[in-house]
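Quick caveat: nothing in here was measured; it's all calculated off a predicted structure.
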Amino acid sequence: MAVTGLIMIAFLLMHMYGNLKMFNGAEAFDGYAHWLKGDILYPIFPKGGFIWVFRFGLLAALVLHIWSAASLARHTLAVRGDGYKTFRPQAQTYSARTMRWGGVIVAGFIIFHLLQFTVKWITPGFDANAGPYEMFILSFQQWWMVLLYAVLMFIIVMHVRHGFWSAFTTLGANTSSTSRKWLNWLGIIVAAALYIGFMVPPVAVLIGWIS
């Protein structure tokens, strides 16, 4: 669970970097998208080949992450039995207490995101010839879409904040009070960077800074 979680956090950071290319204009953003889908690692892979390897790898990480969460939940219930005689919650942060529900919402958001930008079913005005830059503009010119993403991204980064700390703890990095403090701050920094990085381009489109 720790390894697959860190893989997906790395993907989010890369995805955020790509979205920030919206500020460089349509040519830069569409060119980046074309490079990802066609030219990345060419000629080691045939044109358009690596993106499928990447997608299947990311899908495998997601499935293994969900499977790990379900396995851990079943193990917890099996050890606990019918219930606690005395319940003293150990998790002190909101993100820690809501990791399971946060994970369900993240999975739902991934499906929504794919339907919107890959299948092109969500946003009015999309057609088969719409480029990535145009799709981004059409999506986030609508205030309700920006608000929806703001709420969903907040839930995602809450999941990331605790997941980052928990993953490195599982892998043995949480060895002292100092390392615990640094892991906590790094988790907050990564979560904050993701939220700001993902939300700045949609807000810029909404207010007309990007058009």
Quiz item: Is the backbone N or O of Trp165 less than 3.5 Å from a side-chain atom of Thr169, with the two atoms forming a donor-acceptor pair by type?
Solution: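 Looks like yes, one N/O pair under 3.5 Å.
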Are [X] and [Y] grouped together when hydrophobic residues (ILVMFWY) are joined by side-chain heavy atoms under 4.5 angstrom apart?
{"X": "Leu59", "Y": "Phe50", "result": "no"}
{"X": "Leu12", "Y": "Ile189", "result": "no"}
{"X": "Leu206", "Y": "Ile137", "result": "yes"}
{"X": "Val63", "Y": "Leu72", "result": "no"}
{"X": "Leu13", "Y": "Trp185", "result": "no"}

Just verifying a value: how many Å separate [X] [atom1] and [Y] [atom2], rounded to the nearest 0.5 Å?
{"X": "Met16", "Y": "Met153", "atom1": "CE", "atom2": "CE", "answer": "9.5 Å"}
{"X": "Ser139", "Y": "Leu148", "atom1": "OG", "atom2": "CG", "answer": "11.0 Å"}
{"X": "Leu64", "Y": "Met8", "atom1": "CG", "atom2": "CE", "answer": "9.0 Å"}
{"X": "Gln141", "Y": "Ile207", "atom1": "CD", "atom2": "CD1", "answer": "13.0 Å"}
{"X": "Ile155", "Y": "Tyr195", "atom1": "CD1", "atom2": "OH", "answer": "10.0 Å"}
{"X": "Met135", "Y": "Gln116", "atom1": "CE", "atom2": "CD", "answer": "9.0 Å"}

* Check whether any side-chain heavy atom of Leu62 sits under 4.5 Å from a side-chain heavy atom of Ile110, and report yes or no. =>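 A side-chain contact exists here, since the closest heavy-atom pair is under 4.5 Å.
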| query | Does the side chain of Leu20 reach to within under 4.5 Å of the side chain of Pro201, using non-hydrogen atoms? | reply |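 Contact flag for Leu20/Pro201 side chains = yes.
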Considering all heavy atoms of both residues, which atom of [X] and which atom of [Y] are nearest to each other, and what is their separation?
{"X": "Leu171", "Y": "Ala2", "answer": "CG-CB, 4.2 Å"}
{"X": "Tyr133", "Y": "Asp30", "answer": "N-OD1, 2.8 Å"}
{"X": "Ala61", "Y": "Ile7", "answer": "CB-CG2, 4.1 Å"}
{"X": "Ala33", "Y": "Pro132", "answer": "CB-CG, 3.6 Å"}

Q: Under the side chain to side chain contact (heavy atoms under 4.5 Å, CB included) rule, what do Met1 and Trp67 come out as? Steps first, then yes or no, please.
A: CA-CA 8 Å; Met1 192 168 190; Trp67 175 80; over 6 Å; no
Do you know which of Leu186, Leu6, Asn174 makes side chain to side chain contact (heavy atoms under 4.5 Å, CB included) with Phe168?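 Result: among Leu186, Leu6, Asn174, Leu6 is the only option passing the side chain to side chain contact (heavy atoms under 4.5 Å, CB included) with Phe168.
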Quick check, are the ring centers of Tyr149 and Phe140 under 6.0 angstrom apart?
yes
Next item on the list: Report yes if the distance between the aromatic ring centroids of Phe54 and Phe11 is under 6.0 Å, otherwise no.
Entry: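 Yes, the ring of Phe54 comes within the 6.0 Å limit of the ring of Phe11, centre to centre.
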**Report entry** Stepwise side chain to side chain contact (heavy atoms under 4.5 Å, CB included) test for Val203 and Val146
**Finding:** CA-CA 7 Å; Val203 171; Val146 177; 4.2 Å; yes
* Asked: Between Phe164 and Ile188, is a side chain to side chain contact (heavy atoms under 4.5 Å, CB included) present by the stated rule, with each step listed?
  -> CA-CA 9 Å; Phe164 182 94; Ile188 292 171; over 6 Å; no
Next on the checklist: Please determine whether side chain to side chain contact (heavy atoms under 4.5 Å, CB included) holds for the pair His15 and Phe198, giving the CA-CA distance in whole Å, both sets of side-chain angles, and the decisive distance to 0.1 Å.
Outcome noted: CA-CA 9 Å; His15 190 6; Phe198 271 111; 3.9 Å; yes
Counting only heavy atoms from other residues, nucleotides and ligands, does the tally under 6.0 Å from CZ of Phe23 exceed 12? yes
